[in-house]
Amino acid sequence: MRGFFRDSGHLIRPAVVLLAGLGVFFAVRGAIIPKDFGKYGHYRPGALAMIRERPISYAGQDTCVLCHEDEGKTRAAGKHAHVACEACHGPLAQHANDPASNIPKLPEVATLCRRCHEKDAAKPQGFPQVVTAEHSGGMSCKDCHQPHNPHL
């Protein structure tokens with residue numbers, strides 16, 4: 001038996017290093033990953049309380065249409081009917097709470113339209129796509145398209 005341990009030292013040392021590495025890994029993992037992570041799937045339930053503490057950023061489409069009824073009707077009649085106002089205009093809960101003190105800037109149309117409509121092979125075939133450098137000839141999208149109802 002004594003010969004076994006003498007000859008197997010080259011196997012025992014890597015096994016000890018592996019076990020020590022696993023021990024360090026689990027110790028660091030236990031210190032870093034919150035205890036409730038994975039309890040209900042691949043998120044941390046404790047994060048919900050942290051998220052609730054943050055101020056609300058988005059007002060919601062129904063709130064926007066209360067004051068901006070004309071834009072809402074135009075958008076509802078067009079291809080952007082199912083695109084929320086704040087998807088293009090950004091979070092505007094503060095504007096909805098106090099419109100006079102928080103006046104939002106209009107989005108830059110050239111970069112805004114490109115976010116969704118720039119040609120990309122990963123997008124569905126039926127989705128309107130353009131190569132903006134070739135499509136517009138240097139003109140702004142809103143020279144030909146109305147953003148809330150982009151028909152020509």
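Keep in mind that this is a model prediction, so the values were computed, not measured. Basis for what follows: all heavy atoms, side chains included, without hydrogens, waters or symmetry-related copies.
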What's the shortest heavy-atom distance between His117 and Pro128, and which atoms? ND1-O, 2.7 Å

Atom pair SG/NE2 of Cys85 and His68 - distance to nearest 0.5 Å: 8.5 Å

Count the heavy atoms of every other residue, nucleotide or ligand shown that sit under 6.0 Å from CZ of Phe127, and state whether that count exceeds 12. yes

In short, Ala81 meets Ala76 closest at the heavy-atom pair CB-O, 3.5 Å

Rounded distance (nearest 0.5 Å) linking atom CZ of Arg29 with atom CZ of Phe37: 8.0 Å

Looking at His148 and Arg75, would you say the former's side chain and the latter's main chain have a donor-acceptor pair under 3.5 Å? no

Would you say the side chain of Arg52 lies within less than 4.5 Å of the side chain of Leu48, judging by non-hydrogen atoms? yes

Can a donor-acceptor pair be found between the side chains of Asp143 and Ser140 at a distance below 3.5 Å? no

Straight-line distance of Glu71 CD to Cys64 SG, nearest 0.5 Å: 10.0 Å

Treating Ile, Leu, Val, Met, Phe, Trp and Tyr as nodes and any side-chain heavy-atom pair under 4.5 angstrom as an edge, say whether Phe26 and Leu18 lie in one connected cluster. yes

Test your reading of the model: is there a side-chain donor-acceptor pair from His80 to the backbone of Pro147, 3.5 Å cut-off? yes

What are the two closest heavy atoms between Asp36 and Gly46, and how far apart are they? OD2-N, 2.8 Å

Hydrophobic clusters here meaning ILVMFWY residues chained together by side-chain heavy-atom distances under 4.5 Å, can you tell me if Val24 and Ile32 are in one? yes

Taking every heavy atom of Gln61 against every heavy atom of Ala84, the minimum-distance pair comes out as OE1-CA, 2.9 Å

Quick one: closest heavy-atom pair of Val83 and Ala87, and the distance? CG1-CB, 4.0 Å

State the NE2-CG distance between His89 and Leu106, to the nearest 0.5 angstrom. 7.0 Å

Got a sec: does the NZ of Lys123 have more than 12 other heavy atoms crowding it under 6.0 Å? yes

Distance check, rounded to the nearest 0.5 Å: Lys73 atom NZ versus Asn149 atom CG? 14.5 Å

Without swapping roles, check the side chain of Lys35 against the backbone of Gly30 for a donor-acceptor pair under 3.5 Å. yes

Name the one of Thr111, Val131, Val130 that satisfies side chain to side chain contact (heavy atoms under 4.5 Å, CB included) with Glu118? Val131

How far does OH of Tyr58 sit from CD of Glu86, to the nearest 0.5 angstrom? 7.0 Å

I'd like to know if the side chain of Gln129 and the backbone of Asp120 have a donor-acceptor N/O pair within less than 3.5 Å. yes

Is any side-chain heavy atom of Arg44 less than 4.5 Å from a side-chain heavy atom of Ile33? no

Taking atom CD1 of Ile56 as the centre, does the number of heavy atoms from other residues, nucleotides or ligands within less than 6.0 Å exceed 12? no

How close do Pro14 and Leu11 get, counting heavy atoms only, and between which atoms? CD-O, 3.4 Å

